[in-house]
Amino acid sequence: MASSIVSSSSATIYSFHRKPISQNLILSSFSVSFPLHKTTAKTRADGGGDLLRKPVAPEYSDDDGSENNGGDGDTWVDWEDQILEDTVPLVGFLRMILHSGKYECGDRLSPEHERTILERVLPYHPAYEDKIGSGVDYITIGYHPTFGNSRCLFIVRKDGELVDFSYWKCIKGLIRKNYPLYADSFIRRHFRKSRRND
């Protein structure tokens with residue numbers, strides 16, 4: 001009976017047929033077909049990091065030669081990837097504002113940064129109406145009143161009152177509003193349990 005033997009002192013691996021196989025294999029492109037779904041996933045090994053990329057699933061044709069774009073509900077959507085595509089750039093943007101050194105405590109945000117927060121982040125806060133109160137004059141950076149070493153965003157209301165808000169609550173609210181079926185499992189998987197009352 002043929003067996004696989006690996007010799008630690010030599011650079012030869014023996015296969016089931018006892019023929020030597022070099023350990024320095026050069027991988028070539030390969031293709032995996034799924035004939036029932038008429039799709040092919042391909043990846044290339046010659047590009048180094050390409051092996052870590054997702055497989056590419058090309059468009060396929062039906063038997064009559066017409067393209068099938070998946071408009072009939074056959075398209076599989078990875079909701080986790082979609083949620084990450086929507087939220088990761090926002091989180092990076094907010095972290096840049098808080099931690100890049102561009103703004104000191106008490107600085108008013110630039111009009112572009114302020115507009116982005118007012119349009120794409122703050123409306124998803126669960127206590128949005130309470131936070132904006134009499135209206136937003138501008139947004140600034142400061143230290144959290146309870147957790148003194150933690151920088152956070154503040155709304156300066158038109159009546160002069162300063163109100164902090166959690167951008168993490170806003171991100172969670174965005175996920176809950178845009179992806180209600182997947183929000184709870186995504187948040188459990190990707191957000192650490194907070195020591196504060198988030």
Side-chain angles (χ1 to χ4, degrees), residues 41 49 52-57 59 68-198:
L52 300 177
R53 285 193 3 225
K54 288 184 178 180
V56 177
E59 294 289 328
N68 182 351
N69 294 328
D72 58 358
D74 290 341
T75 304
W76 179 73
V77 175
D78 186 345
W79 290 106
E80 186 166 309
D81 283 350
Q82 185 64 46
I83 294 169
L84 289 170
E85 284 177 21
D86 289 350
T87 57
V88 167
L90 278 176
V91 171
F93 166 76
L94 293 162
R95 285 183 173 171
M96 179 276 301
I97 287 174
L98 288 170
H99 304 295
S100 70
K102 178 176 175 66
Y103 297 106
E104 295 296 323
C105 286
D107 287 352
R108 183 178 182 158
L109 299 187
S110 71
E112 299 84 29
H113 290 167
E114 191 171 290
R115 185 175 51 252
T116 301
I117 290 173
L118 290 173
E119 293 173 359
R120 298 189 57 205
V121 179
L122 191 57
Y124 297 104
H125 195 284
Y128 172 71
E129 296 295 327
D130 295 334
K131 294 291 182 178
I132 62 169
S134 62
V136 177
D137 188 13
Y138 62 93
I139 297 179
T140 186
I141 305 287
Y143 286 102
H144 193 278
T146 306
F147 306 98
N149 292 332
S150 179
R151 286 171 56 106
C152 65
L153 296 165
F154 286 87
I155 298 169
V156 179
R157 294 181 181 168
K158 290 185 178 180
D159 62 6
E161 190 175 350
L162 195 68
V163 179
D164 68 306
F165 70 95
S166 166
Y167 75 85
W168 285 114
K169 285 185 182 180
C170 297
I171 297 296
K172 289 176 186 178
L174 181 147
I175 294 167
R176 285 187 176 106
K177 183 173 189 311
N178 294 343
Y179 305 96
L181 296 175
Y182 309 100
D184 290 337
S185 64
F186 181 88
I187 289 169
R188 271 194 309 273
R189 181 176 301 139
H190 292 280
F191 288 79
R192 285 182 271 156
K193 281 270 191 194
S194 177
R195 284 171 270 159
R196 294 181 239 169
N197 185 16
D198 275 347

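The chain is numbered in sequence order, starting from 1.
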query = Hey, mind stepping through Arg157 and Val163 against side chain to side chain contact (heavy atoms under 4.5 Å, CB included) and telling me if it holds?
reply = CA-CA 8 Å; Arg157 294 181 181 168; Val163 179; 3.4 Å; yes
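- Interatomic distance, Leu174 CG to Ile83 CD1, rounded to the nearest 0.5 Å: 9.5 Å.
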Under 3.5 Å, sequence neighbours excluded: what are the donor-acceptor pairs made by side chains of residues 113-123?
{"unit_1": "His113", "atom_1": "ND1", "unit_2": "Tyr103", "atom_2": "OH", "d": "2.6"}
{"unit_1": "His113", "atom_1": "ND1", "unit_2": "Ser110", "atom_2": "OG", "d": "3.4"}
{"unit_1": "Glu114", "atom_1": "OE1", "unit_2": "Ile139", "atom_2": "N", "d": "3.2"}
{"unit_1": "Thr116", "atom_1": "OG1", "unit_2": "Glu112", "atom_2": "O", "d": "3.0"}

inquiry  = Assess the residue pair Asp184 and Arg176 against the criterion (side chain to side chain contact (heavy atoms under 4.5 Å, CB included)); give the C-alpha distance rounded to whole Å, side-chain angles, the decisive distance to 0.1 Å, and a yes or no.
reply    = CA-CA 8 Å; Asp184 290 337; Arg176 285 187 176 106; 4.1 Å; yes
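- Partners of Arg189 according to the side-chain contact (heavy atoms from CB on, under 4.5 Å) rule, which considers only residues two or more places apart in sequence or in another chain, are Glu80.
- Separating the CG atom in Leu153 from the OH atom in Tyr167 is a distance of 8.5 Å, to the nearest 0.5 Å.
- Across all non-hydrogen atoms, the minimal contact from Tyr124 to Cys170 is CB-O, 3.2 Å.
- Inter-residue side-chain proximity for Tyr143 and Asn149 is flagged as unmet; no heavy-atom pair is nearer than 4.5 Å.
- Applying the ring-ring contact (aromatic ring centres under 6.0 Å, His included) criterion to His99, with sequence neighbours excluded, gives no partner residue.
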Side-chain donor-acceptor contacts of residues 127-136 below 3.5 Å, not counting sequence neighbours, with atom names and distances?
{"unit_1": "Lys131", "atom_1": "NZ", "unit_2": "Asp164", "atom_2": "O", "d": "2.8"}
{"unit_1": "Ser134", "atom_1": "OG", "unit_2": "Asp159", "atom_2": "N", "d": "3.4"}

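- The ring-ring contact (aromatic ring centres under 6.0 Å, His included) check on Phe186 picks up His190, with sequence neighbours excluded.
- The main-chain N or O of Leu98 is found under 3.5 Å from a side-chain atom of Arg151 such that the two form a donor-acceptor pair.
- Checking side-chain atoms of Thr140 against main-chain N and O of Asp107 turns up a donor-acceptor pair under 3.5 Å.
- Partners of Tyr182 by side chain to side chain donor-acceptor pair (under 3.5 Å), not counting sequence neighbours, listed by chain and number: Trp79.
- Between Asn178 atom CG and Gln82 atom CD the span is 9.5 Å, to the nearest 0.5 Å.
- How far CZ of Phe93 is from OG of Ser100: 10.5 Å, rounded to the nearest 0.5 Å.
- Pairing each heavy atom of Phe154 with each of Ile141, the nearest pair is CD1-C, 4.2 Å.
- Closest approach of Gly142 to Cys105, counting heavy atoms only: CA-SG, 4.0 Å.
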